[in-house]
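Data block below; observations after.
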Amino acid sequence: PSGVRIDEIADLREIAAEYEGFWERARGGYDVTIDRSPAFLRWRISENPHLSFRTWTVRRDGELLAVILGHRHKIGSASALYVDDIIVGRYDDAAFDVALRALETLDPEAESIVVMTLAVDTPLHRVLRRRLPWQARALDRFGAKLFD
């Protein structure tokens, strides 16, 4: 998207003060959600002994719009980027739309990108359905059998 910049950072601590203010402002817009405070994310992401996570920032004109957390998953020779979290500054369709458009640029070597959500009727769910209509139709048709 125009004016949008996506950067990978080595660790969320690089933007700790900015992120703390970002999350404090954003969390009021979220309905029920997990803790995404700097301390929790340090434990969940930076200090996780089981997975090696990657972190990206999404900015427009220097303003932090979203933070995306993911990890590479390999099965044999196939690899996928699993998106573990998308933290947006505004909990609305427009913010998730910008973040989802950024996904295809995050890991060009990944053969697929996996985004999972259990919540329905949320901004993320709505944008996923609009951006991926074929997958949405398949899930509508086969979801009950797959996730019974």
Side-chain angles (χ1 to χ4, degrees), residues 1-132 134-136 138-139 143 146-147:
S2 179
V4 174
R5 181 181 169 127
I6 299 107
D7 291 305
E8 185 169 1
I9 59 175
D11 193 294
L12 201 54
R13 287 178 273 211
E14 290 180 30
I15 60 165
E18 179 184 25
Y19 177 78
E20 187 167 3
F22 170 82
W23 177 241
E24 284 300 314
R25 288 185 302 278
R27 73 182 192 163
Y30 280 72
D31 47 14
V32 177
T33 189
I34 63 168
D35 181 18
R36 290 181 170 104
S37 68
F40 177 77
L41 290 180
R42 185 172 42 255
W43 171 81
R44 178 181 172 211
I45 304 299
S46 304
E47 298 170 2
N48 189 319
H50 305 289
L51 287 174
S52 178
F53 286 92
R54 297 171 67 186
T55 304
W56 294 269
T57 58
V58 180
R59 297 177 183 276
R60 179 179 285 135
D61 300 324
E63 177 189 355
L64 185 60
L65 300 177
V67 173
I68 301 172
L69 305 167
H71 72 279
R72 177 74 74 84
H73 186 74
K74 293 190 97 166
I75 299 175
S77 63
S79 69
L81 173 64
Y82 274 64
V83 176
D84 296 282
D85 208 344
I86 301 173
I87 306 160
V88 292
R90 283 187 351 265
Y91 190 70
D92 62 20
D93 291 26
F96 278 107
D97 190 60
V98 171
L100 289 177
R101 277 193 259 157
L103 295 184
E104 62 194 43
T105 67
L106 300 183
D107 189 350
E109 295 173 16
E111 295 168 300
S112 61
I113 300 169
V114 178
V115 178
M116 294 186 290
T117 180
L118 299 176
V120 294
D121 197 29
T122 65
L124 175 58
H125 187 257
R126 287 190 299 269
V127 174
L128 281 168
R129 291 186 67 81
R130 275 196 309 271
R131 293 189 57 72
L132 303 166
W134 183 87
Q135 292 90 333
L139 192 56
L146 292 170
F147 301 109

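In this text, all values refer to a predicted model and were calculated from it rather than measured experimentally. The residues of the chain are indexed from 1 along the displayed sequence.
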Taking all atoms of both residues into account, what is the closest heavy-atom pair of E111 and S77, and its distance? OE1-O, 3.7 Å
Over all atoms of both residues, closest heavy-atom pair of A80 and A110: C-CB, 4.2 Å
L81 and side-chain contact (heavy atoms from CB on, under 4.5 Å): which single residue from D107, I68, V114, L103 fits? D107
Do the non-hydrogen side-chain atoms of I9 and I15 ever get within less than 4.5 Å of each other? yes
For D121, give me all partners under side chain to side chain donor-acceptor pair (under 3.5 Å), at least two apart in sequence or on another chain. R126
Salt bridge (charged side-chain N to carboxylate O under 4.0 Å, His left out) with D7: which residues, sequence neighbours excluded? R5
I need the Y19 OH to E24 CD distance, nearest 0.5 Å. 9.5 Å
Mind running side chain to side chain contact (heavy atoms under 4.5 Å, CB included) on V88 and V98 for me, showing each step along the way? CA-CA 10 Å; V88 292; V98 171; over 6 Å; no
Considering all heavy atoms, the nearest I34-W23 contact: O-CZ2, 4.2 Å
S46 versus R13, closest heavy-atom pair with distance: CB-NH2, 3.7 Å
Check for a donor-acceptor pair, side chain of D11 on one end and backbone N or O of E14 on the other, with a separation under 3.5 Å. no
Would you say that more than 12 heavy atoms from the other residues, nucleotides or ligands in this model lie under 6.0 Å from the CD of E47, or not? yes
Taking it one step at a time, do L41 and L69 satisfy side chain to side chain contact (heavy atoms under 4.5 Å, CB included)? CA-CA 10 Å; L41 290 180; L69 305 167; 4.0 Å; yes
Would I87 and F22 count as a side chain to side chain contact (heavy atoms under 4.5 Å, CB included) here? Give the steps. CA-CA 10 Å; I87 306 160; F22 170 82; 3.9 Å; yes
Nearest 0.5 Å, please: how far is OG1 in T117 from CZ in R129? 12.0 Å
Applying ring pair (Phe, Tyr, Trp, His ring centres under 6.0 Å), name anything that partners Y82, two or more places apart in sequence or on another chain. H71, H73
Just verifying a value: how many Å separate T122 OG1 and D92 CG, rounded to the nearest 0.5 Å? 11.5 Å
So, using salt bridge (charged side-chain N to carboxylate O under 4.0 Å, His left out) as the criterion, who are the partners of E18 when residues are at least two apart? R59
For the residue pair D35 and S37, what are the closest heavy atoms and their distance? OD1-N, 2.9 Å
Value for CG (L124) from CG (D85), rounded to nearest 0.5 Å, stands at 9.5 Å
ring-ring contact (aromatic ring centres under 6.0 Å, His included) contacts in which one or both residues fall within residues 91-120, not counting sequence neighbours: Y30-Y91, Y91-F96
Check this for me: E104, atom CD, are more than 12 non-hydrogen atoms of other residues, nucleotides or ligands nearer than 6.0 Å? no
With sequence neighbours excluded, what pairs up with D84 under the salt bridge (charged side-chain N to carboxylate O under 4.0 Å, His left out) test? none
How long is the straight-line distance from CZ of R130 back to CG of D97, given to the nearest 0.5 Å? 6.5 Å
Between V127 and D93, the two heavy atoms sitting closest are CG2-O, 3.3 Å
To the nearest 0.5 Å, tell me how far R27 CZ sits from R36 CZ. 12.0 Å
